[in-house]
Amino acid sequence: MRFPIGLCTALAALTATAPAFGAGLTVTNTVFAQQRSTAPDGTTKIALTPATRVTPGDRVVYQLAYRNGGAQPIEGLTLNNPLPQELTYRGPAQGSPAPEVSVDGQNYGPLAALKVRGSDGGWHAARAEDVTHVRWRIANALPAGSTGKVAFEAVLK
Amino acid sequence: MIGRGLSILRPHSGASVFQQEVSVFKAATRIALLTGAAALSAWSGAAQAAGTTAGTSIANTASVTYTVGGSTQTAQSNTATFLVDRKVNLTVTEVGGTATSTAIGAVDQVTTFQVTNLTNAAQDFILTGDQAGVVIALLGADNFDVTNMRIFVDSNGNGTYDAGVDTATFIDELAPDTSATVFIVANIPNTPGASVAIVSLVAQAAAGGQAGTQGAALAATSLLTADSPTTVDIVFADAAGALNDPARDGKGRAYDSYKISTAAISMTKTATVISDPLNLGINPKAIPGATIEYCLTVTNAGPGTGTGVVLADAVPAGTTYISNSLNVGSPGIAGACTLLGSTEDDDTTGADESDPYGGSFDGTTVRANIPSLGVNAPVAAAFRVTVN
């Protein structure tokens, strides 16, 4: 679904609260920790808290918030996040589109389509632990002043 | 509004990272919500090994490319960092799985434990031992205390207590994912009725960083304390043990026991005139030609089972052993020496009989062999002689 560029620019002009002309794209990276707790009724609660208390085995969520601060629409937005080596990729965060993943930083695709060379020299289906990069390619143009967010989950090794 | 276009990037409504909301769900419905098996398995995938070292700063930066007005641009996100906190975890296990076999009065008797540091940092461990009146299936029921209990760390990694060599009383700077062997060394008192002493070793995580010095015990950072992302917090993550070892207290405990395996065996001997040639069985007298029965009763006061017990009794001078009169069994009642005893084959010819006991007579001494003598399960042996 493409939306009409003309309309977008018109709207952008009407709501021109963007800071400065030419500010361009800003991407804010924030890390959260997932805190699980059991509620009295037996359900499990998941809360996202600032990642101040993280120990091995804990799950963290990285959120990339982007904003087109410029006056022109942005197209072909690609967000590429190499994973810190201390983290194991787990999947997209709840509510986020799934990223393409890579096990080598070169070839991207769904995890099921990727292969890694095992210690025996053969090729095996890649697992989440093999992921080294995640990438989002935003198909739609990003009008001026608009924002969006993507996020993924990882576990601290 | 402009936000309409962004709905594409928000495919799911409801709780999400975007609002930092709390999502609540039943465990059963969680499975349906998950999209990938990887995420499902990861949920229970707490790392077993110590993991990333405490104090490590994890930095993450995304790079961005886009085109604006036909020209390609690149940009970097800010770097999101967090500091890996100290996840204190340890296990204490008893080595061997069985009680240490010992004897009354023995000194420097050793039980062995292993302490494993599963914390993501090197640290010291404070070692304490105690003795509790507990019952543990594999170890027995505690009924006495050992004396002079000491704790030493295996200094040379040979797994064996070397007196004077293994002298450290705390574990110093134990690296993540490594283990130390710890000995409880104690003396065994002579306590009547004593058989099993259960001891336990408690290892408590303590601050590392200074070799040769026992650090202070670690305390978990309070959840009420305002947190700083630049300090390494302490989180206790140890699991609960089977007995007196709560989860998440920074301590681990394991039990072992000393079992006294010696037996205290005593014997009584009585003689009864069975008959004489004149009075026959009525109030018989020990006159020449009379038959006399000797009764030997052996008792084991424990605590260990007596094995290979041999009752030997020289036939008195002036009497003659009556062949095939040796009878061994449980102590009898109402004047009988044995109850449901069995006659033992006392010669060396022919096949032996097949009951648990054995017997022999070598011309001067009668012997009854009792392969196994249980605690407080006396066995009686009777044999008869004729007065010459």
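Naming convention: chains lettered A, B, ... in sequence-line order (proteins, then strands); numbering from 1 in each chain.
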Value rounded to 0.5 Å, distance of [atom1] in [X] from [atom2] in [Y]:
{"X": "B:S57", "Y": "A:E86", "atom1": "OG", "atom2": "CD", "answer": "9.0 Å"}
{"X": "A:L77", "Y": "B:Q73", "atom1": "CG", "atom2": "CD", "answer": "12.0 Å"}
{"X": "A:F32", "Y": "B:F82", "atom1": "CZ", "atom2": "CZ", "answer": "13.0 Å"}

Measuring heavy-atom distances to chain B, does [X] have an atom under 4.5 Å in its side chain, in its backbone, in both, or in neither?
{"X": "A:V60", "answer": "side chain"}
{"X": "A:L64", "answer": "side chain"}
{"X": "A:T28", "answer": "both"}

[X], part contacting chain A, at a heavy-atom distance under 4.5 Å:
{"X": "B:A54", "result": "neither"}
{"X": "B:V235", "result": "side chain"}
{"X": "B:T56", "result": "side chain"}
{"X": "B:N60", "result": "both"}

So, the side chain of [X] versus the backbone of [Y]: is there a donor-acceptor pair under 3.5 Å, distance only?
{"X": "A:N29", "Y": "B:T79", "answer": "no"}
{"X": "A:T55", "Y": "B:D85", "answer": "no"}
{"X": "B:T52", "Y": "A:K157", "answer": "yes"}
{"X": "B:K87", "Y": "A:P56", "answer": "yes"}

Between B:T61 and A:N81, which heavy-atom pair has the shortest distance, and what is it? O-ND2, 3.6 Å

Below 4.5 Å, heavy-atom pairs only: which of A:P82, A:A65, A:A98 has the largest tally toward chain B? A:P82

Out of A:V31, A:L79, A:T88, which one racks up the most heavy-atom pairs below 4.5 Å with chain B? A:V31

I'd like to know which of B:T67, B:V68, B:I58 tops the heavy-atom pair count under 4.5 Å against chain A. B:T67

Please say which of B:T74, B:V64, B:T65 ends up in a side-chain contact (heavy atoms from CB on, under 4.5 Å) with A:T78. B:T65

